[in-house]
> 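A single structure is presented below for examination.
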Amino acid sequence: MIIAIDGPSGTGKSTVAKGVAKRLGFTFFDTGAMYRSAAWMILQEGIDPMDVEKVQEAMGRFQYEIKTDDKGERRYFVGPSDVTEAIRSQPISQAASQVAIYPEVRRAMVKIQRKFGHAIDAVFEGRDMGTVVFPDADLKIFLTAKPEVRAKRRYRELLSKFPDLGRSITFEQILHEIQARDENDTNRSISPLKQAHDAVLIDTSDLTIEQSIEKIVRLKPCRKRRYPPMKLSYRIVYSMARFFFKTCFRLKIYGLNHFQPGAAVLAANHASFYDPPVLSISCPEEVHFLAKGSLFNIPLLGKLIRVLNSHPVERGASDAQTFRTMVQLLTTGKKLILFPEGKRSPDGRLLPIERGLGFLVQKAHCRVIPAYLSGTFEAWPPKRKFPKLFGKMACIFGTPIEWEEFEGFEKREAQELIGKKVEQSIRDLKAWYEAGAKGTPP
Ligand code: DC
């Protein structure tokens, strides 16, 4: 379960998030510390934080690790260096706010954060947790407080830590700095600080830390229903087909933890007419697929595939029309089954993946869930007229591939990279299954 807490600095966000995590027994992640650590590396390497090219290039070298010390406190490492204290300095605050503007930096951070949040109970605190990193978070909170209150808190905190600072720094300076940082964080074009439409707004101006924690814990974060309910007709056909494949083919499904809510292309290997139904009924929620228009005219089959959310591709329909249908399904949050090799493999071996998949992902801004289907080729290879009715099958879902990973690449390069990544992922899933299917699929 993920709780996302966003808001500007000085709202008590970190302390509140930490407290909520403690009360609920969740893991706590301070994502600001990640941006600060990146800024630390930039300054350490003598790079000007305003130099976008150099900063983005440096992110390729960013190695970030979180360790827990003997007292249970978290320590942040960049490579071998413990930066836990160093990242709290004023120059780092400013540099972090600057480097957080750059797409390459954000992309790297989002990737790390999603990896950290995979399949655990955690409280993530930052600026874009509810809007970008975890749009499906189980509970979203947006904390605010008046700038004057935040400046007062920060001023007091600084003076308690460094009493001598009172002579060199004024309350007005802190206020000015907070306002400048708000401006930077709110007005950047990529992932600006903003309240997610489904976040609960809490103003902490007149609340103590304890009261803020209490308010959040009382919201009774409960696990969101992970999958939307199925239509009755879909559920009936789905259950019958599932019973058939589970009984006759001992169908096993792996990697459902990779199955996330929201739009996605389900991209699998394809070597059998059994693939579309097996992939559909392996999914825990309704999925959609495209089928030849002529199939819809066959009396019973036509009705059946309509119930199963297949969409007709009319004879003579252009690729552009088909593509538009797919984009429309994805942009309305649906899951779409796609066999990206473009045709059934004649010998069961994975064919090269066509660039159309990458093109679709770029247009629809969706993730790809790779899947490997085992045993369908043996049960009904392309050369065989009639299928076998017994055998052994498996469907394995892999780690989702997010479109943001390819955002900064040139379009054609990104399309090829997406295809290659999906191809590799399907191969890895096959290797994982054939090596005994131990643990979680890659
Ligand atoms: O929360 P903080 O002050 O430690 O964050 C440091 C900087 O990092 C802040 O200026 C905004 C940026 N940041 C961000 O852009 N996105 C996040 N999720 C967290 C922090």
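Just so you know, these numbers come straight off a predicted model, no measurement behind them. Both ligands and their constituent atoms are indexed starting at 1 by order of listing. Position 1 is the first residue of the sequence; numbering continues from there.
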> Got more than 12 heavy atoms from elsewhere within 6.0 Å of CZ, Arg88?
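More than 12 within 6.0 Å, yes.
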> With atoms numbered from 1 as shown, which atoms in ligand 1 lie under 4.0 angstrom from a non-hydrogen atom of Asp185?
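With Asp185 as reference, the close atoms of ligand 1 come out as 9 (C), 10 (O), 11 (C).
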> Need the ligand 1 atom indices (1-based, order shown) with element for anything under 4.0 Å from a heavy-atom of Gly126.
18 (N), 19 (C)
> Considering only non-hydrogen protein atoms, determine which one is nearest to atom 12 (C) of ligand 1 and report residue, atom name and distance to 0.1 Å.
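Closest protein heavy atom to atom 12 (C) of ligand 1: Ala100 CB, 3.9 Å.
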> Classify the ring geometry between Trp403 and His365 as parallel (under 30°), tilted (30 to 60°) or perpendicular (over 60°).
parallel
> For ligand 1, does Met109 get within less than 4.0 Å through its side chain, its backbone, both, or neither, judged by non-hydrogen atoms?
neither
> Which value, rounded to the nearest 0.5 Å, describes the distance between Ile369 atom CD1 and Leu279 atom CG?
10.0 Å
> Who's the nearest protein heavy-atom neighbour of atom 8 (O) of ligand 1, and how far?
Tyr35 CB, 3.4 Å
> Around atom 4 (O) of ligand 1, find the nearest protein heavy atom and jot down its residue, atom name and distance.
Arg36 NE, 2.6 Å
> With respect to atom 3 (O) of ligand 1, which of Arg181, Arg106, Glu125 exhibits the smallest heavy-atom separation?
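Looking at heavy atoms only, Arg181 sits closest to atom 3 (O) of ligand 1.
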> Return yes when atom NZ of Lys54 has more than 12 non-hydrogen atoms of other residues, nucleotides or ligands closer than 6.0 Å, and no otherwise.
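No, because the 6.0 Å sphere around NZ of Lys54 holds 12 heavy atoms or fewer from other groups.
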> Could you go through Glu125 and Lys18, starting from their C-alpha distance and side-chain angles, then the distance that decides it, and tell me whether this counts as side-chain contact (heavy atoms from CB on, under 4.5 Å)?
CA-CA 9 Å; Glu125 170 261 302; Lys18 213 185 254 180; over 6 Å; no
> With a cut-off of 6.0 Å (strictly less than), are more than 12 heavy atoms of other residues, nucleotides or ligands near NE2 of His176?
no
> Starting from atom 7 (C) of ligand 1, which protein heavy atom do you reach first, and at what distance in Å?
Ala96 CB, 3.9 Å
> Are any of the N/O atoms in Arg127 less than 3.5 Å from those in ligand 1?
yes
> Where does Ser97 meet ligand 1, judged by heavy-atom distances below 4.0 Å: at the side chain, the backbone, both, or neither?
both
> Surrounding CD of Gln328 (heavy atoms of other residues, nucleotides or ligands, distance under 6.0 Å), is the total greater than 12?
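Check fails, neighbour count at 12 or below.
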> A quick test of your reading: do over 12 heavy atoms of other residues, nucleotides or ligands sit less than 6.0 Å from CZ of Arg61?
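Count over threshold, so yes.
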> Side chain, backbone, both or neither: which part of Met129 comes within less than 4.0 Å of ligand 1 when only heavy atoms are counted?
side chain
> Looking only at distances, please establish whether an N/O atom of ligand 1 is found under 3.5 Å from an N/O atom of Gln113.
no
> When only distance counts, is Ser93 in polar contact with ligand 1, meaning an N/O pair under 3.5 Å?
no
> With no hydrogens and no angle check, do the side chains of Arg106 and Tyr35 hold a donor and an acceptor under 3.5 Å apart?
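Yes, Tyr35 and Arg106 have a side-chain donor paired with an acceptor closer than 3.5 Å.
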